[in-house]
Amino acid sequence: MGKEITSREQDYSQWYNDLIIKGGLADYSAVRGCMVIKPYGYTLWENMRDVLDKMFKETGHVNAYFPLFVPKSLFEAEEKNAEGFAKECAIVTHYRLKTDPDNPGKLKVDPEAKLDEELIVRPTSEAIIWNTYKGWIQSYRDLPLLINQWANVVRWEMRTRLFLRTAEFLWQEGHTAHATKEEAIQETTKMLDVYADFVENWMALPVVKGVKTPNERFAGAEDTYCIEALMQDGKALQAGTSHFLGQNFAKAFDVKFSDKENKLDYVWATSWGVSTRLIGALVMAHSDDDGLILPPKIAPLQVVIVPIYKGDDQKAQIDAKVAEIVAALKAAGVSVKYDDSENARPGWKFAEYEMKGVPVRIAIGARDLENNVVEVARRDTKEKKSYSFDGLPQQIIALLADIQQNIYNKAKAHRDTHITSVDTWDEFVKTLDEKTGFVSAHWDGTPETEEKIKDMTKATIRCIPLNNAQEAGKCILTGNPSTQRVLFARAY
RNA sequence: CGGGAAGUAGCGCAGGCCGGUAGCGCAUCUGGUUUGGGACCAGGGGGUCGCAGGUUCGAAUCCUGUCUUCCCGACCA
């Protein structure tokens, strides 16, 4: 029959893989750790990208593009950052191949063509960008510099997973320079808000905004802010990060400016990014055992129409009606596809589009034509209803909005019921093992304790929530005094 | 990078121990009947068995190497 999807209960990881592959989002490739993003998945990414890009521009940013390669000497300039990424860098050492005399028809690396200085394939672009900014910034009048780039980056991961962790991935990285510390911090939190807004309102995925502990902080940053989402299996996933970089990169790349008093100072920096990993989050947060469930606002296709007919006469009548519906929906800004292909029967198409997560399916047959209705099925609840032709576009738009809201509510209910406050170590471990999700607990604030907890339970501190309530307590592990609870979880 | 599993037609698999020139289901093509939840009948096409070496008269099968993927661990967004 059709393509079977492994159930979540049976094998959550395989379920996730099945959704990606069978839902047509991506494919494995011939390159280790790298995937092919298929048209359906890429359209999803384009939709996400378009919304984010607009948000970035509305907040004053412009796009630019910097090189894929970073000379090693630049890469290592900011030491902490370089060290943080050193273990997962791809390196270009040669620039030419030649025919192999020992192996006719084959090529080999030309040893004569060794680069004097190796090029690092960017795992992130701070180095090349700050090296460039040095030439662009002299005065406070050049600030703030608010630049974003859409790019691919490479991180040579040991273990890869479709969308969640691939050796090459697509993302955007914002890199800004400011005259004051306050302004840079403001930028950092502003972009965090943009991410939270996007993920919650477009991807229908509730997030916790917070700050990372030093252990989890981006290498080279003073502070890393993040949004954390919760997946259906109770594991957390970092959905976006925004870093306050202080003057670390300005100092490493000697980027100074004259202020209004004609005093020289290093500029203050931020960087922030979200990646195709968000697609992994989207898939894991909303989907079910029948396939993907995609939020209408970013779904590659919002409505699919399937005809049900006997004979050419009926088909012709349905075609005519559907043409009207398609035109009306398109005019209303709804993306719609009429699938009248002959090679699949209606039931097969129903299952197929459910697997692909198309939010709304319209079925129309002779019986519907007589009654002046269509059958509308929503993917999120599987509920089916007859809708009148009259005012159909408005009803569909309302339905899409309702689906968007329902998906969000469902994810939020799951998230909210999976933030558990605990005060003893037994409860802590038990909650992680049995209930899963975020565990809110006191922590003495030391990296050593955080590390110990990680070794013992595999749980990390996902974040210290912003505007966290201050509350005296005792560390869950050491019993030492603590001033606030932090969120622990096992994470992707 | 360690431990386990896998790679044979587009997809899912059998065959492999015991070497003899490849098979099943789905998909696909043709014809017909069908169409309100993954249709049915009949006929047809499609595979250098991941890749590279080796053993052998002969390799999907045995040996060596290598690549890719999955699961579990260490590392990470």
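Throughout, protein chains are lettered first and strands after them, A, B, ... in sequence-line order, and every chain is numbered starting at 1. A quick note: this is a predicted structure, and the numbers were derived from the prediction, not measured.
- Contact annotation for A:Val274: no contact, since no heavy-atom pair falls under 4.0 Å across all strands.
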Salt bridge (Lys or Arg N to Asp or Glu O under 4.0 Å) assessment of A:Lys410 paired with A:Asp380 = CA-CA 10 Å; A:Lys410 211 171 149 190; A:Asp380 59 338; over 6 Å; no
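- Using a 4.0 Å heavy-atom distance criterion, A:Arg32 is classed as a sugar-phosphate-only contact.
- Residue contacts for A:Glu354: at a heavy-atom cut-off of 4.0 Å it reaches a base atom on one of the strands shown.
- Closest-nucleotide positions on RNA chain B for A:Gln14 and A:Val374 were compared, and the one nearer the 5' end corresponds to A:Val374.
- Residue contacts for A:Lys384: at a heavy-atom cut-off of 4.0 Å it reaches a base atom on one of the strands shown.
- For A:Glu157, the listed nucleotide lying nearest its side chain is B:rA77; candidates were B:rC72, B:rG38, B:rA77.
- Heavy atoms of A:Ala366 sit under 4.0 angstrom from at least one base atom.
- In this structure, A:Tyr28 reaches the sugar-phosphate backbone alone: every heavy-atom distance under 4.0 Å involves primed, P, OP1 or OP2 atoms, never a base.
- For A:Pro346, the listed nucleotide lying nearest its side chain is B:rU35; candidates were B:rA74, B:rU35, B:rA77.
- Among the atoms of the strands shown, none is found under 4.0 Å from any heavy atom of A:Gly280.
- When heavy atoms are screened at a 4.0 angstrom cut-off, A:Ala351 is found touching base atoms of the nucleic acid.
- The side chain of A:Thr224 contributes no N or O atom lying less than 4.0 Å from OP1 or OP2 of B:rA77.
- A:Phe218 comes within contact range of no nucleotide atom at all, as no heavy-atom separation falls under 4.0 Å.
- At the heavy-atom level, A:Asn17 lies under 4.0 Å from the strands shown only through sugar-phosphate atoms.
- Distance noted for atom P between B:rA59 and B:rG45: 27 Å (whole Å).
- At a threshold of 4.0 angstrom between heavy atoms, the contacts of A:Thr276 with the nucleic acid are absent.
- For the P atoms, the distance from B:rC41 to B:rG4 is 46 Å, rounded to whole Å.
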